[in-house]
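This one's a predicted model, so the numbers in the text were calculated from it and none came from an experiment.
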Amino acid sequence: MTESGPRCSAHPEATAAMLCDSCDAPICDLCTTAVGYQTVCRPCRKKLAARATVKRAVFGLLILGMIGAGIAAGVYYAATYVPPFDHGKEGPEIRKLQARLKAEPCDRRAIIDLGEAMNRVGDYRGALNASRSFLEACGEYPRLRWVTYTAHKYLSEWDEAAAEATVLIEDVPDDKDYRWWRGVALERKGDLEGAVRDYRQAIALVPGLDGIPFNLANVLEKQQKPCEAALPLEQFLHYHPDVQNAVMIRGRISRLRGEGECGAATGEGRATVRFDPARRIIPATVALGQGVEAKVIIDTGASLVAITPQVAADLALRLDDAPTMRLHTAGGVKEGRHVWLPEVSLDGLTARRVEAVVMETLPEDLDGILGLSFLSRFDFQADRSAGILTLSVAGAGEASTKESAPPTPPIRKGQRGAKKR
C-alpha cells in the first residue's frame, strides 16, 4: 500500500490537506492559517505580517505629516472605512447566488454554494453572516454547518468551530469526520483531553483510519504520555504495513517507548494459540489480574479489547465515571464504557494498562473480544493450515502483521480532506 497523497512539510507523518497559497509548500490542517483571502503556512504568515507592519508604519508617518483639520478628518475617514470585500473572479457567481437567495431565502443549494464560494476567496465573515441569516429564517440545516465550521476554523475561532462540529455530531453521532473536526478545534483551543476523546472515538468507529492516529499520537505526546502515544501508531502500521514512511513511524514508536520506559506496558513474553483451521474464529482464555479469567475470541478487526459488565464487576472497575464510546462491530455500531485494564495475559504474553470497552451486547457465551489495543503491541502471524497463531514482543522475532489471524474485515480508509457533498 502507498501513502494517500503528499505529506505535510512541517509534519511528515501527516497527510497534506492543501498547498500554501504563497510558497506552494504542502501543509496539513494543523499548519494552515488565514491571511486575508489566502490560506498560508506559518512561515509565510510571519513574512506577510512583517510586510503589513512596514506598510502601517509608513502610513502612520504620512498621517503625522498632514496639516490642517480637514486633511486630518479625511485621513480618519480613510482609516476607519471598511471597503466591500473583493471577491475577485468569484464575484459574479456570488452576486448571482445572493440574488437567488433574495428571491428564495430558503434555497438550500444556493446557500451552500454561496457559503463555499465565500470561503474559497477568504470572505469568512461573509460566509458566516449569510449562513446565520439562513439558519435564523429557515431553521436548522446541518449541511450548512460544514460551511460555518470551515469559516470559524480559518478565523482561528476554535470555540465556535468546536460548537459547529458538536451540532454535526449530535445530528450524525457515528460520522468519524465530525469527531475529527471537533478534535482539531479542541486541540487548537488547548482542550487536549477533549481532543483525545474525539480522536479515540473516530478510530473506534473506523479502525483503519490513516490520518487521525497521528493526531491522537501528537496530542498524547503533548500530554507527556509517550507509552500511550505509541499505541495508535502501532495500530496504524497494522492496517498500513507497507506505507512509504513505515521506517520513520517505527522509529518514532521506538523513541516514544524509550522516553516512557514503557517496559511491560508495551508487552513481554511469547504466546502460541492453537485454533481449528476449519473455523473462522480463534477462541482463547486470557488472565486479567486479580484471579479473573475471561473466555474471548481474537479479532484483528476490533480496535479495542471488549469485556462484559460481569467481567468489569469482577475486576472492580468503576463505570459510573467512564466515558461512553461507540464502536463499529460486526453487528453494527454499539455503545460501551471506555476503561483501562491493569493487565491482560495470553499464554506467556502480558501487557499492562490496556485500553478496553465494557459492552452489554457481546454474545452470551463470550466474556470478551481480544482486539488491537492488545494485539498491535506485538508481532503476530497465523499459520492457517496448521491452526497456529504466534505472538511475540514487537521486533523480537520473525513474525509480522502482514498475515494476521481471521477474521479481519476490509480496510476502511479514512479521508483527511473535506467531505463530499
(request) Run the numbers on M325 and L304 for side-chain contact (heavy atoms from CB on, under 4.5 Å), then give the verdict. (result) CA-CA 11 Å; M325 178 171 279; L304 301 178; 3.5 Å; yes
(request) Before giving the answer on side-chain contact (heavy atoms from CB on, under 4.5 Å), spell out for R100 and R109 the whole-Å C-alpha distance, their side-chain angles and the decisive distance to 0.1 Å. (result) CA-CA 10 Å; R100 277 178 57 185; R109 181 73 273 157; 4.2 Å; yes
(message) Before you tell me yes or no, could you show the steps for R337 and T324 under side-chain contact (heavy atoms from CB on, under 4.5 Å), namely the whole-Å CA-CA distance, both residues' side-chain angles and the distance that decides it to 0.1 Å?
(response) CA-CA 5 Å; R337 294 282 190 165; T324 299; 4.1 Å; yes
(request) Take R255 and E259, measure what salt bridge (charged side-chain N to carboxylate O under 4.0 Å, His left out) needs, and give me the verdict at the end. (result) CA-CA 6 Å; R255 174 180 63 77; E259 289 178 0; 2.9 Å; yes
(request) Decide side-chain contact (heavy atoms from CB on, under 4.5 Å) for I298 and L389; before the verdict, give the C-alpha distance in whole Å, the side-chain angles of both, and the deciding distance to 0.1 Å. (result) CA-CA 10 Å; I298 296 173; L389 172 69; 3.7 Å; yes
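Counting heavy atoms from C-beta on, the side chains of E293 and V286 never come closer than 4.5 Å. Q290 places none of its side-chain heavy atoms less than 4.5 Å from the side chain of D314. Residues E355 and W340 have side chains in contact (heavy-atom distance under 4.5 Å, counting atoms from C-beta outward). Counting heavy atoms from C-beta outward, W180 and D198 have side chains that stay 4.5 Å or more apart. Side-chain contact check for L372 versus Y239: some heavy-atom pair is nearer than 4.5 Å. For the pair K295 and D367, the minimum side-chain heavy-atom distance is below 4.5 Å. Taking 4.5 Å as the limit, some side-chain heavy atom of E140 sits within range of a side-chain heavy atom of L135. Taking the side chain as every heavy atom from C-beta outward, L346 and L391 approach each other to under 4.5 Å.
The nearest pair of heavy atoms linking I27 to C8 is CA-SG, 3.8 Å. Across all their heavy atoms, F236 and P213 have their closest contact at CB-CB, 4.2 Å. The shortest heavy-atom contact between G194 and D191 is N-OD1, 3.0 Å. Heavy-atom minimum distance, F374 versus V305: CB-CG2, 3.8 Å. The shortest heavy-atom contact between L220 and E228 is CD1-O, 3.5 Å. Nearest heavy atoms, V121 versus E90: CG1-CG, 3.3 Å.
Note on R120 versus E93: no salt bridge recorded, every NZ/NE/NH1/NH2 to OD/OE distance being 4.0 Å or above. E170 and R182 are not joined by a salt bridge, as no carboxylate oxygen comes within less than 4.0 angstrom of a charged side-chain nitrogen.
Between the OG atom in S131 and the CG atom in L144 there is a gap of 4.0 Å [rounded to 0.5 Å]. The CZ atom of R179 lies 4.5 Å from the CD atom of Q201; values are rounded to the nearest 0.5 Å. The distance from atom CG of L233 to atom CG of L237, rounded to the nearest 0.5 Å, is 7.0 Å. To the nearest 0.5 Å, atoms CD (E335) and CG (D174) are separated by 9.0 Å. Note that CG of L288 is 10.5 Å distant from OG1 of T285, once rounded to the nearest 0.5 Å. Put simply, CD1 on I307 and CG on L341 are 5.0 Å apart, with the number rounded to the nearest 0.5 Å.
Side-chain N or O atoms of Q235 include one that pairs as donor or acceptor with a backbone N or O of S303 at under 3.5 Å. The backbone N or O of S392 lies less than 3.5 Å from no partner atom in the side chain of D379, so there is not a single donor-acceptor pair. Remark: side-chain polar atoms of D86 are paired, donor with acceptor, to backbone N or O of G88 under 3.5 angstrom. With hydrogens and angles disregarded, no donor-acceptor distance shorter than 3.5 Å links the side chain of H238 to the backbone of R377. In this structure, the side chain of Y199 engages the main chain of V184 through a donor-acceptor pair within 3.5 Å.
Applying the 6.0 Å contact sphere to CD of Q224 captures no more than 12 heavy atoms from other residues, nucleotides or ligands.
Q223 and E193 share a side-chain donor-acceptor pair at under 3.5 Å. Side chain to side chain, T390 and R270 fail the donor-acceptor criterion of an N or O pair below 3.5 Å.
By the SG-distance test at 2.5 Å, a disulfide connects C138 to C106.
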Atom pairs and distances, side-chain donor-acceptor, residues 148-155, under 3.5 Å, sequence neighbours left out:
unit_1 : atom_1 : unit_2 : atom_2 : d
T148   : OG1    : R145   : O      : 3.2
T148   : OG1    : E164   : OE1    : 3.0
Y149   : OH     : W181   : O      : 2.7
T150   : OG1    : W146   : O      : 2.8
H152   : ND1    : E157   : OE1    : 2.6
K153   : NZ     : D29    : OD1    : 3.1

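Judged by the 6.0 Å distance and 45° axis criteria, R125 is not positioned over the aromatic ring of F85.
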